[in-house]
Protein chains: 2
Amino acid sequence: MAVHIMTALAYVKEKISSEQLANTVNTNPVVVRRILGALNRAGLVCAERGKVGGFSLARASKDISLLDIYRAILAKQKLVNLHDNPQNRACAVSCKVRGVLSTHLKQAQSAYERELKKVALADIEKSM
Amino acid sequence: MAVHIMTALAYVKEKISSEQLANTVNTNPVVVRRILGALNRAGLVCAERGKVGGFSLARASKDISLLDIYRAILAKQKLVNLHDNPQNRACAVSCKVRGVLSTHLKQAQSAYERELKKVALADIEKSM
DNA sequence: CAAAATAGTAACCAATGTGGTTACATTAAT
DNA sequence: ATTAATGTAACCACATTGGTTACTATTTTG
């Protein structure tokens, strides 16, 4: 939904309300504003309050990547997580698996993020 | 948890019960058996019933990758999903974003899976 | 053949996360 | 002062997940 919203902002190049954005996503304005809140905190959009308020991109769509949007929304979530059951101190596997697996998952996560970084919002906008 | 279990199976090279596996993961045997069920259906482990039953790897740990385990457990889930709200036919963005974004997400997903494929269970086992 | 120990699975619960909704406070233009 | 917008809290419905209990099916062993 965040990418959908950002694409809409890039596509219509003017200020637009959460009401109108909700219309393209087919959901509730509050849901849209929640997402826009995260995008705003990440510095990707500008929000203006009051009558004739609305949202717009904070910078050119060629300078915004899918990774920027991904991070704004899923800031501290990982794609795949380790289980968090307590260790069994008597078991070498139990004590060490998490650490080892963690490094491999980070590798994969980085590869995923590198791909997202390659795609600019402008690329998506062009396909509309 | 699945990787933890598979590592344990690789580490002790003999048949082992869900009770013992639950002990290293620090959870319930039923939870372990649920995961082992998926791993079994994916052909990664062998299960034996009855007294002296238990589980063992179906093939050498060097021939099992993290991707195999990932697919066994998260078979049809994607790392990141498209929203599934209905389209707004009157809006070009609403109609086209999903398709465009989908191809980029598949690229990233593939990159993630390529990294998982590089890691063999044997690599993890060696670090124990 | 009976007992014991194991896998397989259904059913339920608690906790969590997500999206939708209502309601209201805050802000700014008119 | 009115109007129209953002910002957010509160609540609900729903799905997912891991844990738990309880049971059946299977296999070995005394």
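Every heavy atom of this structure was used, including side-chain atoms; hydrogens, water molecules and symmetry mates were not. Sequence lines set the chain letters: A, B, ... in the order given, protein chains first and strands last, and positions in each chain run from 1.
For A/S94 (side chain) and B/T24 (main-chain N/O), a donor-acceptor pair under 3.5 Å exists by modelled atom type. Although no hydrogens or angles enter the test, the distance criterion places no donor-acceptor pair under 3.5 Å between the side chain of B/S61 and the main chain of B/L121. A side-chain donor-acceptor contact under 3.5 Å links A/Q109 to the backbone of A/L79. Of the possible donor and acceptor atoms, none in the side chain of A/N26 sits under 3.5 Å from a partner among the backbone N and O of B/N85. One N or O on the side chain of A/Q20 and one on the backbone of A/S17 form a donor-acceptor pair closer than 3.5 Å.
Annotation: side chain of B/N23 is not in contact with side chain of A/C91 (no heavy-atom distance under 4.5 Å). Side chains of B/E125 and B/K13 form a contact here, defined as non-hydrogen atoms less than 4.5 Å apart. In this structure, B/V32 and B/P29 have side chains that are not in contact, with every pair of non-hydrogen atoms separated by 4.5 Å or more. Two residues are said to be in side-chain contact when any heavy atoms from C-beta on lie closer than 4.5 Å; A/I35 and A/H4 fail this criterion.
Listed by residue number, the members of residues 7-20 of chain A with any heavy atom below 4.0 angstrom from DNA chain D are A/S17, A/S18. Contacts between residues 31-40 of chain B and DNA chain C, defined by a heavy-atom separation under 4.0 Å, are made by B/R33, B/R34, B/N40. Using a 4.0 Å cutoff on non-hydrogen atoms, no part of residues 91-102 of chain B comes near DNA chain C. Of the residues in residues 21-29 of chain A, those placing a heavy atom less than 4.0 Å from an atom of DNA chain C are A/T27, A/N28, in numerical order.
Here A/G50 lies in heavy-atom contact (under 4.0 Å) with a base. Here A/V52 lies in heavy-atom contact (under 4.0 Å) with sugar-phosphate atoms only.
Between A/Y70 and A/Y112, the angle of the ring planes lies from 30° to 60°, which puts this pair in the tilted group.
The nearest whole Å value for the distance from the CG atom in A/L82 to the P atom in D/dG18 is 13 Å. As a whole-Å value, the separation of A/R41 CZ from D/dT8 C1' is 10 Å.
The base of D/dT6 sits within donor-acceptor range of the side chain of A/R49, with an N or O pair under 3.5 Å.
When every heavy atom of B/L9 is checked against every heavy atom of B/F55, the shortest pair comes out as CD2-O, 3.6 Å.
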Evaluate the side chain to side chain contact (heavy atoms under 4.5 Å, CB included) criterion for residues B/V12 and A/V93: first the C-alpha distance (whole Å), next the side-chain angles of each, then the deciding distance (0.1 Å), finally the verdict.
CA-CA 10 Å; B/V12 312; A/V93 173; over 6 Å; no
Candidate pair A/V45 and A/I5, rule side chain to side chain contact (heavy atoms under 4.5 Å, CB included), full reasoning
CA-CA 11 Å; A/V45 303; A/I5 289 168; over 6 Å; no
Walk me through it: do B/I124 and B/M128 pass the test side chain to side chain contact (heavy atoms under 4.5 Å, CB included)?
CA-CA 7 Å; B/I124 298 180; B/M128 295 299 104; 4.2 Å; yes
Evaluation steps, side chain to side chain contact (heavy atoms under 4.5 Å, CB included), between A/L105 and A/K78:
CA-CA 9 Å; A/L105 289 182; A/K78 296 306 171 197; over 6 Å; no
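The outermost nucleotides of DNA chain C lying under 4.0 Å from heavy atoms of chain A, listed 5' to 3', are C/dT18 to C/dA29.
Nearer the 5' end of DNA chain D, as judged by each residue's closest nucleotide, is the contact made by A/G53, out of B/K51 and A/G53.
By the side chain to side chain donor-acceptor pair (under 3.5 Å) test, A/T27 is found to be paired with no residue, residues two or more places apart in sequence or in another chain being considered.
For B/V30, taking side-chain heavy atoms from C-beta onward, the closest of the listed nucleotides D/dA22, D/dG19, D/dT6 is D/dA22.
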